[in-house]
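Accompanying notes for the structure given below.
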Amino acid sequence: MADRYVTKHPDGWAVKAPKAGRASSVHKTQQAAEQAAKQTVRNLGGGEVRIQGRDGRWRDSDTVAPGNDPNPPKDKKH
């Protein structure tokens with residue numbers, strides 16, 4: 001799977017692959033980074049996008065098709 005993380009970055013918000021040393025892209029807003037991460041995952045065949053809050057804790061996670069969402073009935077935000 002092509003999972004991506006949206007994390008805080010000194011220049012805004014970064015999109016990173018798991019275990020990557022560097023960000024694949026940096027954006028001014030968290031929303032822009034989230035959209036870029038979802039597009040990347042969609043283009044790579046689906047997976048999970050995890051979003052980190054300003055406090056450093058994971059605040060949200062979203063499965064991008066054709067990924068396998070473990071709880072589809074509960075995931076009504078997206």
inquiry  = Could you report the tightest heavy-atom contact between Asp62 and Lys38, atom names first, then the distance?
reply    = OD2-NZ, 3.2 Å
task = Assess the side chains of Gln52 and Thr7: does a donor N or O sit below 3.5 Å from an acceptor N or O?
result = no
ask   = Would Arg59 and Gln30 count as having a side-chain donor-acceptor pair, cut-off 3.5 Å?
value = yes
key: Within 45° cone and under 6.0 Å: Lys8 NZ/CZ vs Trp13 ring   = yes
key: Arg4 vs Leu44, side-chain contact (heavy atoms from CB on, under 4.5 Å): CA-CA, chis, key distance, verdict   = CA-CA 11 Å; Arg4 292 294 182 270; Leu44 294 172; 3.4 Å; yes
query = Under 4.0 Å between a Lys/Arg side-chain N and an Asp/Glu carboxylate O for Arg50 and Asp3?
reply = no
Side chain of [X], backbone of [Y]: donor and acceptor closer than 3.5 Å?
{"X": "Ser24", "Y": "Val15", "result": "yes"}
{"X": "His27", "Y": "Thr29", "result": "no"}
{"X": "Asp60", "Y": "Ile51", "result": "no"}

request  = Please examine the side chains of Gln39 and Gln35, heavy atoms only from C-beta on, and report whether any two atoms are closer than 4.5 Å.
outcome  = no
